[in-house]
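Data block below; observations after.
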2 protein chains.
Amino acid sequence: MDVAQLAGVSQKTVSRVYNDEPYVSAEVRRRVLEAGEELGYRMNNAARALASGRTRSIGVVTLGTALYGPASLIMGVERAVRDTGYALRVVNTLEGDPTGVAGAVDSLLDQGVDGIVISEPIDDGHGEDLSARGDVPVLVLGAPPLSTPRTLAAGVGADLMARTATEYLLELGHETVHHLAGPQRWYAARDRLEGWRSTLAAHGRAIPPVVEGDWSASTGYTAGRELAADDGMTAVFAANDDMAIGLIRALAEAGRRVPEDVSVVGFDDIPVAAYVTPPLTTMRQPFDTVAQEGLKRLVHSIENPDAPPLPASEPPVDLVVRASTAPPPPRKTPGSGRSAVSSPSGVRPLPALGGGASTYD
Amino acid sequence: MDVAQLAGVSQKTVSRVYNDEPYVSAEVRRRVLEAGEELGYRMNNAARALASGRTRSIGVVTLGTALYGPASLIMGVERAVRDTGYALRVVNTLEGDPTGVAGAVDSLLDQGVDGIVISEPIDDGHGEDLSARGDVPVLVLGAPPLSTPRTLAAGVGADLMARTATEYLLELGHETVHHLAGPQRWYAARDRLEGWRSTLAAHGRAIPPVVEGDWSASTGYTAGRELAADDGMTAVFAANDDMAIGLIRALAEAGRRVPEDVSVVGFDDIPVAAYVTPPLTTMRQPFDTVAQEGLKRLVHSIENPDAPPLPASEPPVDLVVRASTAPPPPRKTPGSGRSAVSSPSGVRPLPALGGGASTYD
DNA sequence: CTGAAAGCGCTAACAC
DNA sequence: GTGTTAGCGCTTTCAG
């Protein structure tokens, strides 16, 4: 360590200075910093990790999708980690990856991380023993598939959000609500489905058959063609906004106007949701809050291995009401067929500039 | 090293086995692996990095946005890195971050990386000396702000794509093309603007004033209100799809039908582009190809520090034609005002299921 | 407040 | 094919 020589102190003192440890005189600290500056010194992270046994980095497992939800969650994590002093190591799992999430966790453990974040876990048939592999704490974001001692979960209360959406539609006067579900391998999709189903059950409403998509607008469109065939259908709760958009297009092509003939509620509040036609009523997810709080709890568990994990707090539920929802159309007189083919539906200006919307709850 | 003992070999031999080095007899290799298995052994990455001087990891600087383009690029990088044996260290720069990209690069260098990827650089007023800081190679994705010895650039040929979009509109018969630009701090936005402007100039067309947004549908909407006021405007090239969607909504509210009255071309081909109304004609970016090729070149530069960098290849330009573009409306008779207020524009079914579209070039 | 010694777990360079 | 000897640059532990 050249810096030590130049500053005329011991190696350890240099270490103290660069680690902001106490018990270094201001004078010595200044001298060391100066010497370091002059030599363009930067600490060697590998050596530090080797000697201390702590890597000061957190591994992140992402599902390799372009989906807004997972991407937003990851970005929330990236944003949140800056305040913690930890670095991020990211590994990507493609859906259909043979080794799955477990493989990704393994590779992270190989690289050396103090904690792990798993974003939007899916049931890939490998899981279950995630936390058994290393003894680092694991934070599962998006939905809690399991909870072993060192596993934390930070959900977004998907079931509660699904309930809110469904009840809103019911309150509008709809007899029942259809559900355009996400792929059931995703825990997040399961939660939304479950929240919808149980709400309907609690209100004693009929539970229509579920249509499942893969989160894409494309499958939403396909599902929409199917749903459009059902004349009794007046309201749909879609598991995400992309599918809702595909769905709305299919409905429009089938001559079913949104929201006059059928109401649609999406999920996520993607940035364009306010600008599609009609502007989408949707459940906004508090990705940032969830990521931030989750990371805080993870760091706590890393730094206090023996303390009990911090409790999770329920994030707020936020229904953004725009123009894709309305009361159901008046009951059809029996025997009448589908209504007119196309919809003149004049375009109404947005209530307020920039995607204004009223917020419910 | 306990594994060495259990297998009855030297430490170095264990090292050889785990590094897949040659010159180890099959028998010994088997014994070592077995011993390792039994002890649940995994190599210590920090020690390895310390001893070898190579971290086997690549740092990634991202701009902390939820934008589709940057996000897709990062995912391409994540996907591409799996085949290289390198790990990813990610650090996030928020726009408006005081330390900027340079700060992010610094922190990566502190953590120890063998190479750096900068995705979608912006001109944050700090830049310029990126590669002077460490001696690791740097890959700049999205647009090349500078090129020092060890800096590679993997552009997406934004200017060429802008040219293609603009010429397509011109060929449709439009007198000229307006441009809804991205924030000019982004090099990518500048390239698109430049490509558009030079194309117009090359064809001797008038160059309308540029309207600038911030990539969001919301600013696209605002810009749309402005543009709608210009009666002569019949075609707009938007710097991304989100803005195009906001723009289209504003036009519709102003009674200007797309594509009958004005044609709109977007940029990116976001997943919902095929399902909005009308389905969006847009320039598709080959994010995956760009990321993959860029990473390959970066790894080459890491592993062959003295060899000249691999040459970049131009990615293909891909115009996806959907329903937001058409020939201009017949010339207005002088003196006639704006046309009717609202647009009945019946919804036409998609040409093919799942966002079918014809591809141009 | 500061320093000396030991060693984290691996790989480099060279022997055998 | 395999082993030996040195460190990599830091932190730890224990003395002052």
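Proteins get letters first, then strands, A, B, ... in listed order; numbering begins at 1 in each. Nothing here was measured: the structure is a model prediction, and the numbers come from that model.
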- Would you say A:Y41 reaches D:dC10's phosphate, i.e. side-chain N/O to OP1/OP2 under 4.0 Å? yes
- Task: Output yes when at least one side-chain N/O atom of B:T13 is less than 4.0 Å from OP1 or OP2 of D:dG3, else no.
- Result: yes
Taking only distance into account, with no hydrogens and no angle test, what donor-acceptor pairs under 3.5 Å do side-chain atoms of residues 66-75 of chain B form with protein atoms, sequence neighbours excluded?
{"unit_1": "B:S72", "atom_1": "OG", "unit_2": "B:Y68", "atom_2": "O", "d": "2.7"}

- Sequence-distant partners of A:D288, side-chain hydrogen bond (donor to acceptor under 3.5 Å, both in side chains), two or more places apart: A:R79
- For A:D114 and A:R54, indicate whether the former's side chain and the latter's backbone hold a donor-acceptor pair under 3.5 Å. no
- Query: Donor-acceptor pair, A:S52 side chain versus A:R48 backbone, under 3.5 Å?
  - Reply: yes
- Task: Go through the structure and list residues passing salt bridge (Lys or Arg N to Asp or Glu O under 4.0 Å) with A:R297, not counting sequence neighbours.
- Result: A:E293
- Item | Considering all heavy atoms, the nearest A:L295-A:T84 contact | CD2-CG2, 4.4 Å
- Item | Side chain to side chain, B:D123 and B:W186, heavy atoms closer than 4.5 Å | no
- Query: So, do B:I118 and B:L141 sit near enough that their side-chain heavy atoms are less than 4.5 Å apart?
  - Reply: no
- Considering only heavy atoms, which members of residues 25-40 of chain B lie under 4.0 Å from some atom of DNA chain C? none
Could you write out each protein N or O paired with an N or O of nucleotides 13-15 of chain C at a distance under 3.5 Å?
none

- Members of residues 44-54 of chain B that approach DNA chain D, where some heavy atom sits under 4.0 Å away: B:L50, B:A51
